[in-house]
Amino acid sequence: MREPAVQSPSLYERPGYRTLLGRIRNNARLYIRKQLELPRQEIAEIVRANLRAAMWFGIAFAFALGTLIALTVLVLFIALAGLTGYIGYKKLDLRGPTRSINSLKETMRWAKARLLGRSAS
């Protein structure tokens, strides 16, 4: 008959002190190992959470940098618009058509002189 690979003690067998001390030692080692593993897991979770937070901070920084660039461009465009508007205002010539007005006045004088001169004769 074949014996099982793992031998389990019978329920009615009483383990000896050596077996009990071995179990206590193994349980103590397991307890200590679990107690050392717990902070490692907790620190790993904290690091993962902080990495996600750092990612969001990075995204916020990118948006802030984009806003700063956009505001800089906006200020630059406003300055260029003001400068070109000022140059355009300085080059603006707000006078009437003086040559046409003078020509019309001259034509009127000529016409009056001709008409008055003919009617007088």
Side-chain angles (χ1 to χ4, degrees):
M1 179 180 223
R2 218 168 156 207
E3 293 206 23
V6 177
Q7 292 180 354
S8 62
S10 170
L11 288 175
Y12 300 108
E13 271 187 39
R14 298 186 97 191
Y17 288 114
R18 184 171 248 190
T19 306
L20 289 175
L21 289 175
R23 285 182 188 171
I24 291 172
R25 186 185 70 217
N26 287 338
N27 287 341
R29 283 182 183 171
L30 181 63
Y31 176 76
I32 291 171
R33 191 176 308 126
K34 292 292 183 181
Q35 287 298 320
L36 292 175
E37 187 178 316
L38 181 64
R40 286 186 201 135
Q41 288 177 343
E42 192 173 359
I43 289 171
E45 289 173 6
I46 291 170
V47 166
R48 278 193 298 273
N50 286 337
L51 283 176
R52 283 191 297 267
M55 178 188 70
W56 285 107
F57 277 127
I59 292 170
F61 178 73
F63 278 123
L65 190 61
T67 302
L68 182 64
I69 291 170
L71 284 177
T72 304
V73 171
L74 177 67
V75 168
L76 180 67
F77 279 3
I78 288 173
L80 288 174
L83 179 66
T84 54
Y86 178 74
I87 291 171
Y89 176 74
K90 283 297 187 184
K91 293 191 179 279
L92 190 63
D93 190 14
L94 294 175
R95 58 182 172 87
T98 54
R99 288 188 311 208
S100 298
I101 291 171
N102 289 339
S103 174
L104 182 61
K105 285 180 181 178
E106 186 180 327
T107 303
M108 296 282 283
R109 278 193 303 264
W110 177 82
K112 282 181 186 178
R114 286 290 243 181
L115 290 174
L116 291 177
R118 284 190 181 170
S119 62
S121 38

query = How long is the gap from CG on Asn26 to CZ on Arg33, to the nearest 0.5 Å?
reply = 8.5 Å
Exercise answer: donor-acceptor pairs, residues 61-84 side-chain atoms, under 3.5 Å, sequence neighbours excluded:
residue	atom	partner	partner atom	Å
Thr67	OG1	Phe63	O	2.8
Thr72	OG1	Leu68	O	2.7
Thr84	OG1	Leu80	O	2.9
Thr84	OG1	Ala81	O	3.1

note = CZ of Phe57 to CG of Asn50, rounded to nearest 0.5 Å, is 9.5 Å
request  = Compare all side-chain heavy atoms of Glu42 with those of Ile46 and state whether any distance is below 4.5 angstrom.
outcome  = yes
note = Rounded to the nearest 0.5 angstrom, the CD1-CZ distance for Ile43 and Arg48 is 12.0 Å
key: Interatomic distance, Ile32 atom CD1 to Glu37 atom CD [nearest 0.5 angstrom]   = 13.5 Å
inquiry  = Nearest 0.5 Å, please: how far is OH in Tyr89 from CG in Leu92?
reply    = 7.5 Å
key: More than 12 heavy atoms from other groups under 6.0 Å of CD on Glu106   = no
key: Spacing of CE belonging to Met108 relative to CG belonging to Leu115, to within rounding of 0.5 Å   = 10.0 Å
request  = Kindly write out the residues that satisfy side chain to side chain contact (heavy atoms under 4.5 Å, CB included) with Arg25, not counting sequence neighbours, or none if the list is empty.
outcome  = Arg29
ask   = Considering only heavy atoms from C-beta outward, does the side chain of Met55 approach that of Leu51 to under 4.5 Å?
value = no
Salt bridge (charged side-chain N to carboxylate O under 4.0 Å, His left out) partners of residues 79-105, not counting sequence neighbours, each pair once = Asp93-Arg95
